[in-house]
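Residue numbers count from 1 along this sequence. Bear in mind the structure is a predicted one, so any value in this text is a computation, not a measurement.
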Amino acid sequence: GSMKITIQDFRFEETDEPDVEDDMYVLKANERIHIQASPYGYYFVPVIEDEEGAFRHLKSCKTINQAILVINKEVEA
């Protein structure tokens, strides 16, 4: 099934320390997938955790929507 993930499918987690940590958008249906987001909006990096617990950082995107597109491509594969 090609269910398309959208921004509504993520839970936003704001960092308490924007100078140190990124904000995160966590995919509600699969917490192994999240988007690391610059608190200042500079970049959005899709991240997928594999079965071993290793984090795979996909390409850095300029917008949240681009990052979601990257995740959709990965999840379809």
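Considering CD1 of Ile71 and CG of Asn30, their distance stands at 9.5 Å, rounded to 0.5 Å. Separating the CZ atom in Arg56 from the CD1 atom in Ile33 is a distance of 9.5 Å, to the nearest 0.5 Å. Put simply, CD on Glu14 and CG on Asp23 are 5.5 Å apart, with the number rounded to the nearest 0.5 Å. Leu69 contributes atom CG, which lies 8.0 Å from atom NZ of Lys4 (distance to the nearest 0.5 angstrom). For the atom pair CD1 of Ile35 and CZ of Phe10, the computed distance is 4.0 Å after rounding to the nearest 0.5 Å.
In this structure, Thr15 and Pro39 approach most closely via the heavy-atom pair CG2-CG, 4.0 Å. When all heavy atoms of Glu74 and Ile48 are compared, the pair lying nearest together is CB-CD1, 3.8 Å. Annotation for Pro46 and Lys59: closest pair CD-O, 3.2 Å, computed over non-hydrogen atoms. The shortest heavy-atom contact between Leu58 and Val45 is O-CG1, 3.5 Å. What you find for Thr63 and Phe44 is that their closest heavy atoms are C-CD1, 3.4 Å.
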query = Checking side-chain contact (heavy atoms from CB on, under 4.5 Å) for the pair Glu21/Gln36: CA distance, chi angles, key distance, verdict?
reply = CA-CA 9 Å; Glu21 278 185 345; Gln36 237 174 288; over 6 Å; no
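Using a cut-off of 4.0 Å between Lys/Arg side-chain N and Asp/Glu carboxylate O, Arg11 and Glu31 are scored as salt-bridged.
With hydrogens and angles left out, the side-chain atoms of His34 and Glu49 include no donor and acceptor closer than 3.5 Å. For Thr6 and Gln8, the side-chain atoms include at least one donor-acceptor pair closer than 3.5 Å.
Not counting sequence neighbours, the partners of Tyr40 by the side chain to side chain contact (heavy atoms under 4.5 Å, CB included) test are Pro18, Asp19, Ser38, Tyr42. Checked against ring pair (Phe, Tyr, Trp, His ring centres under 6.0 Å), Tyr43 has no partners two or more places apart in sequence or in another chain.
Counting side-chain heavy-atom gaps under 4.5 Å among Ile, Leu, Val, Met, Phe, Trp and Tyr, the cluster of Met24 also holds Val26.
Side-chain heavy atoms closer than 4.5 Å link hydrophobic residues (I, L, V, M, F, W, Y) into clusters, and following such links, possibly through other members, connects Ile7 to Ile5. At a threshold of 4.5 Å between side-chain heavy atoms, the hydrophobic network of Ile, Leu, Val, Met, Phe, Trp and Tyr places Ile64 and Val75 in one connected group.
Ring geometry for Tyr25 versus Phe12: interplanar angle of 30 to 60°, hence tilted.
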